[in-house]
Amino acid sequence: MNGYSFFSTSAALVLFLIHLGVIARVILRPHREPASRIAWIVMIIALPVVGMISYLLLGETNIGRRRMRRIRQVLASMPDVADAPGFDTRALQAQIPERYAHLFRVGHSVNGFEPVGGNNGELLPDSNASIESLVADIDAAKDHVHLIFYIWLPDNNGLKVIEALKRAAARQVTCRVMADALGSRMMIDSGHWKGMSDAHVRATTALPIGNLLLRPLLGRIDLRNHRKIVVIDNWITYCGSQNCADPEFQIKAKYAPWVDALMRFEGPIARQNQHLFAGDWMAHEDDDLRELLQQPLPPGGPGFAAQVIGTGPTVRNSAMPEVFESLMYAARRELFITTPYYVPDEAMQTALCASAYRERLSRRGDNYHRSGA
């Protein structure tokens, strides 16, 4: 009985120390919002076992040390996007008004990409029109097609893109495609994925999950590659919120139709998306794309300034919130935000409210002057 009591006391002491250790980790972990920190502490105290397990599985940004090491090595070995022959940043940069220059400097601090001019863009009208445009560009590709999607479904639109890639590969166009292991699992597990490989389309899986029991020990399963990027011949690029799927979205049909935005760009801005794709691709495949990143670009023409901002596990956590907040504080007349997930931190909420107060005071001032006071 005494031995049992001693064992129980020792086990309770060990659990208590583990409990304190997890709470201490929450308190001392850098780059965490105070509200998030408090929420985790409350949960761990109120539900010790569930709280600790939840925090260890979901509480920290961790895709695994081996993956992080590989990504850092790849990014360190890649050439500067502005060093490519013919990519004279000063010549390509548009004359950016001073009131907007600081916004591009914030963007530059994220990836090191400078704004470049000579671009043209089009916001495509809907999901189906976007896929039709993409298929047409793949059919016209001369050298390469690079494509990455978070969700790629084996539905009508998803299969249209696959058939276009097969046709391009048959013309000796180099096709590299990547899809997230979780978001695109239906496509990756289907015969269509192998069919692409058989047609000489180079297909790889982003962030493979592997053993479900061991994966939580090696990194979080829920941290995924959410990019939606297409680059064609180093000159045409697509990006936005649209995945490669029908708007009816079979896997979550009750929320259909899914309304997404996709933009098609032509110009030197495609090289920056190419850089993001190459970093993701080389982190998973032993296929060196650095030479492609240094190919001369065709002469640029008239167009607007653009800049790519891409985040990921090697970028500071505050990068995108800083960009959004800077845009909010720069707004002078109107500010529109469309998002399916509105979970702002305190700084972003403050920036949004400050913009609203600023506009309200501006209207009062206009009314005051119109009244002749």
Side-chain angles (χ1 to χ4, degrees), residues 61-85 87 89 106-116 143-152 174-184 188 201-209 219-220 223-241 243-244 265 267-295 297 306-320 322-323:
T61 303
N62 173 29
I63 63 169
R65 292 182 181 179
R66 182 179 298 178
R67 284 177 176 169
M68 281 293 293
R69 185 165 57 249
R70 169 82 181 208
I71 292 171
R72 292 185 188 279
Q73 289 171 349
V74 166
L75 294 179
S77 71
M78 292 173 67
D80 191 312
V81 71
D83 289 342
F87 200 86
T89 302
V106 174
H108 177 264
S109 73
V110 179
N111 302 102
F113 296 158
E114 295 281 1
V116 293
D143 183 71
H144 66 267
V145 177
H146 291 165
L147 181 153
I148 178 170
F149 281 108
Y150 169 56
I151 297 175
W152 191 350
T174 301
C175 297
R176 297 179 176 92
V177 302
M178 176 181 286
D180 184 81
L182 185 61
S184 300
I188 294 168
V201 176
R202 304 181 190 180
T204 194
T205 302
L207 302 176
I209 296 173
R220 283 172 55 177
L223 293 179
R224 311 310 307 165
N225 189 323
H226 282 266
R227 297 206 207 281
K228 299 100 177 173
I229 293 175
V230 179
V231 182
I232 299 173
D233 294 344
N234 249 346
W235 194 249
I236 296 173
T237 186
Y238 289 78
C239 60
S241 65
N243 287 289
C244 194
F265 297 90
I269 193 61
R271 178 62 62 85
Q272 295 185 3
N273 267 348
Q274 185 83 284
H275 202 277
L276 292 183
F277 176 88
D280 288 347
W281 181 267
M282 292 165 59
H284 291 80
E285 292 285 326
D286 292 324
D287 181 14
D288 195 340
L289 302 187
R290 288 176 293 182
E291 183 178 345
L292 182 62
L293 294 174
Q294 295 185 299
Q295 287 183 357
L297 289 174
Q307 179 187 52
V308 168
I309 301 173
T311 60
T314 61
V315 174
R316 65 184 186 276
N317 292 353
S318 60
M320 283 313 298
E322 289 168 5
V323 172

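In what follows, every heavy atom counts, from backbone to side chain, and hydrogens, waters and symmetry copies are set aside.
Remark: D233 pairs with no residue by the salt bridge (charged side-chain N to carboxylate O under 4.0 Å, His left out) rule, at least two apart or across chains. Applying the side chain to side chain contact (heavy atoms under 4.5 Å, CB included) test to Q73 and every residue at least two apart in sequence or in another chain returns R69. Applying the salt bridge (charged side-chain N to carboxylate O under 4.0 Å, His left out) criterion to R316, with sequence neighbours excluded, gives E322. Partners of L182 under the side chain to side chain contact (heavy atoms under 4.5 Å, CB included) rule, at least two apart in sequence or in another chain, are D180, R185, I209, R224. Scanning for ring pair (Phe, Tyr, Trp, His ring centres under 6.0 Å) contacts around F149 gives an empty result, with sequence neighbours left out. Applying the side chain to side chain contact (heavy atoms under 4.5 Å, CB included) test to A179 and every residue at least two apart in sequence or in another chain returns W152, S184, I188, W193. Applying the side chain to side chain donor-acceptor pair (under 3.5 Å) rule to H226 yields no partners; only residues at least two apart in sequence or on another chain are considered. Applying the side chain to side chain donor-acceptor pair (under 3.5 Å) rule to N243 yields no partners; only residues at least two apart in sequence or on another chain are considered. Take D288 and apply the salt bridge (charged side-chain N to carboxylate O under 4.0 Å, His left out) test, not counting sequence neighbours, and it matches R290. Shown here are the side chain to side chain contact (heavy atoms under 4.5 Å, CB included) partners of R65, two or more places apart in sequence or in another chain: there are none. Under the rule for a side chain to side chain donor-acceptor pair (under 3.5 Å), the partners of H144 that lie at least two apart in sequence or sit in another chain are Q274. Under the side chain to side chain donor-acceptor pair (under 3.5 Å) criterion, T314 pairs with no residue at all, not counting sequence neighbours.
Ring pair F113/H108: centre-to-centre distance not below 6.0 Å.
D280 places a side-chain heavy atom less than 4.5 Å from the side chain of N225. Counting only heavy atoms from C-beta outward, the side chains of V308 and H275 never approach each other to under 4.5 Å.
Note on ring orientation: taking the six-membered ring where Trp is involved, the planes of F277 and H146 are parallel (angle under 30°, cut-offs 30° and 60°).
Under the 3.5 Å distance criterion, the side-chain polar atoms of Q294 are left unmatched by any main-chain donor or acceptor of P79.
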